Amino acid sequence: MKTTGFVLLWPLIAWVLSAQKFYSEAPLSASTTKNVRVRFAPSPTGYLHVGGARTALYNFLYAKRFGGQFILRVEDTDLERSTEESMRMQIEDLKWLDLGWDEGPNPADYSDMGPYGPYRQSRRKEIYMDYANRLLEAGHAYYDFRTDAELDAIKDALVKAGKPPQIDAPKDMVPLAEARKRVAAGEQAAIRFHVKEKRDYVVQDLVRGDVRFPSDMVGDFVCIRSNGMPVYNFCCAIDDALMKITHVFRAEEHLSNTLRQMMIFEALGLESPRFGHLSFILGSDKQKLSKRHGATSCHDFKVKGYLPEALNNFILLSGWSSPDGREILSREEQISLFTHERFNSAPAVFDETKLLWMNSMYLRALPHDELWKRIEPFLKEAGLSIPQAQDAQWRDHALTAFKTSMQTLADAPKLFEALDDSKFAVKPEAAEVKGWPESQKVWAAWKAELSSHAANKISETEFAAMQDRVKEQAGVKGKHLFMPIRVAVIGQPHGTELKILVPLLDKSSLLKRVEMCL
RNA sequence: GUCCCCAUCGUCUAGCGGCCUAGGACACCACCCUUUCACGGUGGAUACAGGGGUUCAAAUCCCCUUGGGGACGCCA
């Protein structure tokens, strides 16, 4: 009986399942039929953070994946904090990460690039005012002449009464015609959105599924400040619609803002993009990543010698995973594999140790010409002079020797230092080796070998032979042979293989070094 | 306080009802390679927050608890 019921139910269950399937795939089919337009909209208040970089990367990848456009929009409506300098810094950071945009400020001269400009919100005031007027006329918004002090008093009273500090329309709302006269006469007033009906709004979030918000979660919120500058939720919604944005992938902190934005879209009859709210990247203490966690901006990582490719790949993986679990992915692979279905809705802790590993992987995979180009600024900064580096073959050899010891570009100076005569010194770590009675004998024999060597360069095979003769001459073998020689070459008992190191140095500098030991 | 989101090894994650005595990666430990260091190779330890359901079957679905986070600005 029970099995019969189960069997009879099957078609129904299958139907329900397939219906759900269809529903959940709807966003994807939308993205394939409609030209995808996504944006990254930072506010220029400092360097680009890794969280912002990840948002930018995801949007970039999504645009590329579906052959759409990636737009950079500058949200600089907060006059207090936004700076031109910050905008330029963030543009530099995005360029460094190779996340180029199709529309937005031109990276060369910051002029507008694309058909839907301006792309800096501070230059779109008339547009916002136009839409604010439409809201006003439709009764979806009103001028609010109340002062900060009055508003604060209202909020205080609400908090005391145990209610959320939401501002609602004043009892004696000024009629629009009169309000306009007063504003024209120079009176200051903000424009507030009027939340009239109480009902639920549902965000069909691409990352979190359906999220339901009651409209009374927000009060009448400000669209235009009394100084004429629009507020985030208002311009964000207007711009997303006007710039024909189809998908918005942004941080989770904006999830509840979406309610206000939905209200604006609805009141203005504008088409809403689809939203996907990404989880945060956290510090090791599971708090939102901030300055006290150390490096958090892309610029910090650049300075610390990380490769942009590695940083990109690493942040890609904190919040998204590839279908087959592979982690090192080329830009092309990232694009071809990218879908919003593989976002992780749980927050991710930023783990610099793994980034370090990934960076070393990328470092080693780089062609030597390219690696050298990236290393050079770090050597220069450390004040190293390595004339041999003019020779491409020498560079190739040196990089082969050193790159497995490097995790970041910033590790290069202390490695290449070994090749700069002016920086040579017997390091404290060599104290024990210095004290060995064998060491003097080894050094003497090594010096003799060097002196009798005709050429200024020593090949790997020549060095092997020289080493064998030192072994015989000094009558020492094992670590008591190798370590003193290494100290006489690089000033310390541990490090790169001698047969690789010695050919990188001239006979004259090797002689100088062994003399310093003796 | 109200509303919302989140919860698998230390960390990033796979998993979308049976292929799970839970897979991969980083880190860690051991061994191998190497007359040093690093690289590389092999192996190991380590996780479904707790409690209730639903189901023949639950890491996976539902509820509660706990914990973490976010929003409630004339910030973004």
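Proteins get letters first, then strands, A, B, ... in listed order; numbering begins at 1 in each. Just so it is clear, the structure is predicted and the values come from calculations on it, not from any experiment.
- With B:G69, B:U11, B:C75 as the choices, the nucleotide that has an atom nearest any side-chain atom of A:R81 turns out to be B:C75.
- You'll find a donor-acceptor pair under 3.5 Å spanning the side chain of A:N257 and the base of B:A76, going by distance alone.
- Aromatic ring pairs are classed by plane angle as parallel below 30°, tilted from 30° to 60° and perpendicular above 60°; the pair A:F193 and A:F221 is parallel.
- Distance from the side chain of A:S345 is smallest for B:A7 among the nucleotides B:C4, B:G40, B:A7.
- Between the base of B:G69 and the side chain of A:Q287 there is no donor-acceptor pair shorter than 3.5 Å.
- Remark: the separation of the C1' atoms in B:C20 and B:C32 is 32 Å, to the nearest Å.
- Within the nucleic acid shown, A:P347 comes within 4.0 Å of sugar-phosphate atoms alone, with no base atom in reach, counting heavy atoms only.
- Picking from B:C12, B:C74, B:U35 the nucleotide with the shortest atom distance to the side chain of A:A348 gives B:C12.
- Taking the ring centroids of A:H254 and A:Y232, they lie under the 6.0 Å cut-off.
- A:E75 comes within 4.0 angstrom of sugar-phosphate atoms only, judged by non-hydrogen atoms across all strands, and of no base.
- Closest to the A:S318 side chain, of the nucleotides B:C39, B:U13, B:A76, is B:U13.
- Regarding A:F343, its CZ atom lies at a distance of 16 Å from the C1' atom of B:C12, rounded to whole Å.
- With B:G15, B:G69, B:C37 as the choices, the nucleotide that has an atom nearest any side-chain atom of A:H494 turns out to be B:C37.
- Nearest to the side-chain atoms of A:R225 among the listed nucleotides B:U36, B:C74, B:C5 stands B:C74.
- Side chains of A:S322 and A:R342 form no contact here, defined as non-hydrogen atoms less than 4.5 Å apart.
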